[in-house]
Amino acid sequence: VQLQASGGGLVQAGGSLKLSCAASGIRSRTNIMGWYRQVPGKQRELVAVITSGGDTNYADTAKGRFTISRDNAKNTVYPQMNSLKPEDTAVYYCTVVITQNYWGQGTLVTVSS
């Protein structure tokens, strides 16, 4: 399984970014895809995940601002991140969970104040 993430970058506070992550090598249609983030010195934390059936789970910090969606035909997951805050600055990692977690390489999101 390989994950290719894109869409990170620099944005001003209040702005928006849409990340994407395409997974290849997945043989199971039943899986969970999503995003975590990490800042130096802290543990990786949940941003949002979505099942292949469309059920979602968001971190409290993401609720109301971020929307996660996926295209099952393309094995791609998209978090739309709105109303970004400086504290959203982190390296964002996409993941797919089948029998284990697989991780992408991470993409940096920087929100300037």
Side-chain angles (χ1 to χ4, degrees):
V1 176
Q2 291 188 328
L3 299 168
Q4 183 64 47
S6 61
L10 174 65
V11 64
Q12 287 189 331
S16 299
L17 276 177
K18 186 174 183 179
L19 307 181
S20 68
C21 177
S24 59
I26 295 179
R27 289 177 170 78
S28 172
R29 293 186 176 182
T30 303
N31 57 69
I32 299 171
M33 297 187 75
W35 290 84
Y36 284 67
R37 67 187 184 187
Q38 189 170 23
V39 297
K42 292 190 176 182
Q43 288 188 332
R44 194 170 295 186
E45 63 178 17
L46 170 73
V47 176
V49 293
I50 183 168
T51 70
S52 47
D55 294 325
T56 58
N57 185 35
Y58 292 90
D60 288 342
T61 54
K63 288 178 182 177
R65 299 188 299 128
F66 296 1
T67 302
I68 191 167
S69 60
R70 64 184 287 170
D71 183 334
N72 287 336
K74 297 180 179 179
N75 284 325
T76 302
V77 61
Y78 309 96
Q80 174 68 47
M81 305 188 296
N82 299 325
S83 302
L84 285 162
K85 305 174 182 179
E87 50 264 44
D88 293 317
T89 295
V91 177
Y92 284 69
Y93 295 91
C94 65
T95 184
V96 61
V97 183
I98 309 171
T99 56
Q100 66 182 74
N101 274 80
Y102 297 89
W103 296 96
Q105 80 279 15
T107 184
L108 178 63
V109 172
T110 303
V111 184
S112 63
S113 57

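Both backbone and side-chain heavy atoms feed into the values below; hydrogens, waters and symmetry mates do not. Nothing here was measured: the structure is a model prediction, and the numbers come from that model.
Tracing side-chain contacts under 4.5 Å through hydrophobic residues (I, L, V, M, F, W, Y), one never reaches Ile68 starting from Val97; they form parts of separate clusters. Under the 4.5 Å side-chain contact rule for hydrophobic residues, Met81 and Ile50 share a cluster. Cluster annotation: Val49 and Val91 are assigned to the same hydrophobic cluster (Ile/Leu/Val/Met/Phe/Trp/Tyr, side-chain heavy-atom contacts under 4.5 Å, transitive). Tyr92 is connected to Val111 through a chain of hydrophobic side-chain contacts under 4.5 Å among Ile, Leu, Val, Met, Phe, Trp and Tyr, so both are in one cluster.
Considering every non-hydrogen atom in both Met33 and Asn75, the closest pair reads CE-O, 3.5 Å. Between Gly106 and Tyr93 the shortest heavy-atom distance is CA-CD2, 3.6 Å. Closest approach of Tyr78 to Arg70, counting heavy atoms only: CD1-CA, 4.4 Å.
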Which donor-acceptor pairs under 3.5 Å do the side chains of residues 3-23 make with protein atoms, sequence neighbours left out?
| unit_1 | atom_1 | unit_2 | atom_2 | d |
| --- | --- | --- | --- | --- |
| Ser6 | OG | Ser20 | OG | 2.9 |
| Ser16 | OG | Asn82 | OD1 | 2.9 |

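Test Lys42, Arg44, Glu45 against Arg37 for side chain to side chain contact (heavy atoms under 4.5 Å, CB included) and you get one pass: Glu45.
Between atom CH2 of residue Trp35 and atom CG of residue Leu46 there is a gap of 13.0 Å, rounded to the nearest 0.5 Å.
With sequence neighbours left out, the ring pair (Phe, Tyr, Trp, His ring centres under 6.0 Å) criterion links Tyr102 to no other residue. The side chain to side chain contact (heavy atoms under 4.5 Å, CB included) search around Arg65 returns Ser83, Lys85, Asp88, not counting sequence neighbours.
The backbone N or O of Val96 lies less than 3.5 Å from no partner atom in the side chain of Asn31, so there is not a single donor-acceptor pair.
You'll find the side chain of Thr67 reaches within 4.5 Å of the side chain of Tyr58, heavy atoms only. Residues Thr89 and Val39 fail the side-chain proximity criterion, which asks for heavy atoms closer than 4.5 Å. Side-chain contact between Phe66 and Leu84 is present, with heavy atoms from C-beta onward closer than 4.5 Å. Under the 4.5 Å side-chain criterion, counting only non-hydrogen atoms from C-beta, Asp55 is not in contact with Asn57.
Using a 3.5 Å distance cut-off with no hydrogens or angles, the side chains of Thr95 and Asn101 do pair a donor with an acceptor.
In this structure, Gln105 places its CD atom where more than 12 heavy-atom neighbours from other residues, nucleotides or ligands lie under 6.0 Å away.
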